Amino acid sequence: MNTRAKRLIEEGRSFLLTTHIDPDGDAIGSVFAFAMALGTLGKEATVYLRDRIPYRYEFLPAPARVVHAVPEGKYDAIFVLDCGSLFRVGSGHDRIGAMAPIVNIDHHDTNDHFGTVNLVDPGASSTGEIIYRLLKSLKVKVDPDMAVNLYTAVFTDTGSLRYDNTSLEAFKICEEMVKAGVRPSWVAGMVYESHPKERFLLLGEVLCTLATYGERIAMARVTSEMFERTGTNREFSDGFVEFIKEIRGVEVAVLIREIDKQHHKISMRGKGAVDVAAVCNGFGGGGHRNAAGCRIEGTMEEAEEKILRALAPEGCTKDG
Ligand SMILES: [Mn+2]
C-alpha cells in the first residue's frame with residue numbers, strides 16, 4: 001500500500017472526503033466506509049457530496065458528518081474517491097483542489113492522476129476494493145456498518161458480481177464482509193428491489209425510443225419531458241443502459257439523457273468487443289473498458305449522430 005497515503009493519514013488529524021456527482025454504490029459505499037474507518041482511528045472525517053444520496057443508497061449507514069456544500073475549514077488532506085478527474089467532484093472542485101494535499105483513490109482506466117498522491121489501480125474491481133486494502137494496511141477492524149458500505153461498493157460496481165471486473169479478490173472481499181455481518185439478500189433487496197413505481201413508468205417511455213444499429217449497437221433516449229410526465233429525475237434512469245445491454249448480439253449499449261436541449265449525458269456499456277472508455281474519452285469523458293460516460297454538446301439528434309459515427313466509422317443503418 002502507498003506509504004505516502006498511509007503517512008498522511010497517520011500524521012494528519014482532520015480530513016475531507018469526497019466523490020463524484022451522480023454518485024453510485026461504489027462512490028457512496030467507499031466514501032462512507034472510509035470516513036467511518038478514519039473515525040475509529042481517532043481522526044475527524046467530513047464527507048462532501050455535491051449531490052443528495054440517491055434513494056436506492058439511503059439504506060447505507062452514514063458517517064457522522066456528511067455535507068452538501070464545500071465546507072470551510074482546515075484539512076490535513078483531501079481524499080477524492082472513484083473520480084477519474086478532479087472535475088467529477090462537481091462544483092467546488094477547484095476550491096477543493098487548492099485546500100490541502102489531494103489523495104486520489106480510484107480504479108478508472110482513464111484516471112488522469114490529478115492527486116498529490118495517487119492510489120490508482122485500474123485492475124481493482126472497484127474503489128471499495130482499494131479502500132478495503134487501505135483499511136487492512138491501517139489495521140482497521142471492519143465493523144458491520146463499514147462492511148455493508150464496502151460490500152455494496154464491490155457488489156454494485158461488479159454488476160452484482162457479473163461483470164468482467166468480478167475477480168477472485170472481489171469475491172473474497174464480499175466473503176469477508178458477509179462474515180462481518182452483511183446479509184447479501186438484504187443489500188440486493190435494498191439496491192435492486194426497492195424502486196418507486198415511477199421508475200417503471202419512466203422505463204416504459206425510454207424503451208419506446210429503443211433502436212438498434214447493425215444489431216450490435218443499442219441506443220435509447222431519456223428526455224426532460226419524460227422525467228416531467230412520470231414525476232421522476234435522473235436518478236430514476238440509473239441502470240437503464242444495463243437493461244438494453246442485455247439484448248442478444250448487442251456489443252455496445254448507449255443511453256442518451258437530456259441535460260438541456262443543447263447538452264446531453266451519454267452512458268455507454270460494452271460486453272468486451274469495444275473499449276467504451278476510449279470512445280467516451282474521445283468526447284472528454286472516461287471510465288472503464290465496459291462502462292463509461294461523457295457529455296456531448298448539441299441536440300439529441302446531433303449527439304446520437306456523433307456517437308454512431310464514433311462507434312461505427314464505416315457507417316451503419318438503423319435496424320427495422
Ligand atoms: Mn467505481
Side-chain angles (χ1 to χ4, degrees), residues 22 24-27 54-57 108-109 125-126 152-167 170-171 174 184-185 187-223 226-227 230 232 234-258 264-280 285-294 300 303-304 307-308 310-312 316-320:
D22 294 337
D24 56 15
D26 188 27
Y55 67 79
R56 73 189 70 189
Y57 299 118
H108 289 91
D109 298 334
S125 62
S126 52
T152 304
V154 176
F155 186 66
T156 57
D157 243 36
T158 53
S160 321
L161 301 168
R162 287 182 303 144
Y163 298 158
D164 231 21
N165 58 344
T166 308
S167 56
F171 275 105
C174 287
S185 63
V187 172
M190 295 313 280
V191 177
Y192 298 116
E193 299 179 349
S194 301
H195 297 294
K197 182 184 76 189
E198 286 74 13
R199 171 172 165 84
F200 297 91
L201 303 178
L202 180 66
L203 178 61
E205 297 219 7
V206 170
L207 290 182
C208 290
T209 70
L210 175 64
T212 60
Y213 299 82
E215 286 174 2
R216 62 175 203 97
I217 299 165
M219 194 141 49
R221 304 173 170 194
V222 53
T223 65
M226 292 177 187
F227 288 136
T230 55
T232 56
R234 64 173 192 262
E235 72 179 85
F236 288 74
S237 61
D238 200 57
F240 286 1
V241 68
E242 273 98 34
F243 285 139
I244 60 176
K245 193 187 96 167
E246 292 176 11
I247 301 169
R248 183 194 297 156
V250 160
E251 291 170 359
V252 182
V254 183
L255 184 75
I256 309 184
R257 171 167 60 78
E258 177 186 329
H264 291 83
K265 167 80 213 290
I266 317 301
S267 301
M268 220 178 269
R269 298 292 181 272
K271 287 177 182 162
V274 178
D275 181 351
V276 297
V279 175
C280 289
H288 311 282
R289 182 179 175 85
N290 285 333
C294 60
M300 180 71 82
E304 276 190 5
I307 289 161
L308 282 175
L311 288 172
C316 62
T317 51
K318 194 167 168 172
D319 303 320

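Because the structure is a prediction, the values reported are computed rather than measured. We count residues from 1, following the sequence as given.
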Side-chain heavy-atom pair [X], [Y] within 4.5 angstrom cut-off:
{"X": "I266", "Y": "L255", "value": "no"}
{"X": "L210", "Y": "I247", "value": "yes"}
{"X": "E235", "Y": "D22", "value": "no"}
{"X": "V252", "Y": "M268", "value": "yes"}
{"X": "I217", "Y": "V250", "value": "no"}
{"X": "F243", "Y": "L203", "value": "yes"}
{"X": "L161", "Y": "F155", "value": "yes"}
{"X": "K265", "Y": "I256", "value": "no"}

Distance alone, cut at 3.5 Å: any donor-acceptor contact between the side chains of [X] and [Y]?
{"X": "S160", "Y": "Y192", "value": "yes"}
{"X": "Y163", "Y": "H288", "value": "no"}
{"X": "T158", "Y": "N165", "value": "no"}

Donor-acceptor pair, side chain of [X] and main chain of [Y], under 3.5 angstrom:
{"X": "T209", "Y": "R221", "answer": "yes"}
{"X": "D157", "Y": "S126", "answer": "no"}
{"X": "R162", "Y": "G159", "answer": "yes"}
{"X": "R199", "Y": "F236", "answer": "yes"}

Nearest heavy-atom neighbours spanning [X] and [Y]:
{"X": "V276", "Y": "R269", "answer": "CG1-C, 4.2 Å"}
{"X": "I307", "Y": "M219", "answer": "CG2-SD, 4.4 Å"}
{"X": "A303", "Y": "H264", "answer": "CB-CB, 4.2 Å"}
{"X": "E246", "Y": "K271", "answer": "C-NZ, 4.4 Å"}
{"X": "V187", "Y": "T152", "answer": "CG1-OG1, 3.5 Å"}
{"X": "G189", "Y": "S194", "answer": "O-OG, 2.8 Å"}

Practice task
Report the C-alpha separation of E258 and V222 in whole Å, then their side-chain angles, then the decisive distance to 0.1 Å, and conclude whether the side chain to side chain contact (heavy atoms under 4.5 Å, CB included) test is met.
Solution key: CA-CA 6 Å; E258 177 186 329; V222 53; over 6 Å; no

Can you tell whether the side chains of [X] and [Y] come within less than 4.0 Å, N to carboxylate O?
{"X": "D164", "Y": "R289", "answer": "no"}
{"X": "D238", "Y": "R56", "answer": "yes"}
{"X": "R248", "Y": "E215", "answer": "no"}

Exercise for the section: Starting from the C-alpha separation in whole Å, work towards a yes-or-no answer on side chain to side chain contact (heavy atoms under 4.5 Å, CB included) for L207 and I244. Expected result: CA-CA 9 Å; L207 290 182; I244 60 176; 4.1 Å; yes

Exercise for the section: Could you please spell out the steps behind the side chain to side chain contact (heavy atoms under 4.5 Å, CB included) verdict for S237 and L202? Expected result: CA-CA 7 Å; S237 61; L202 180 66; 4.0 Å; yes

Exercise for the section: Report the C-alpha separation of V254 and V241 in whole Å, then their side-chain angles, then the decisive distance to 0.1 Å, and conclude whether the side chain to side chain contact (heavy atoms under 4.5 Å, CB included) test is met. Expected result: CA-CA 6 Å; V254 183; V241 68; 5.7 Å; no

To the nearest 0.5 Å, tell me how far [X] [atom1] sits from [Y] [atom2].
{"X": "E242", "Y": "S267", "atom1": "CD", "atom2": "OG", "answer": "8.5 Å"}
{"X": "D319", "Y": "R216", "atom1": "CG", "atom2": "CZ", "answer": "11.0 Å"}
{"X": "L311", "Y": "Y213", "atom1": "CG", "atom2": "OH", "answer": "11.0 Å"}

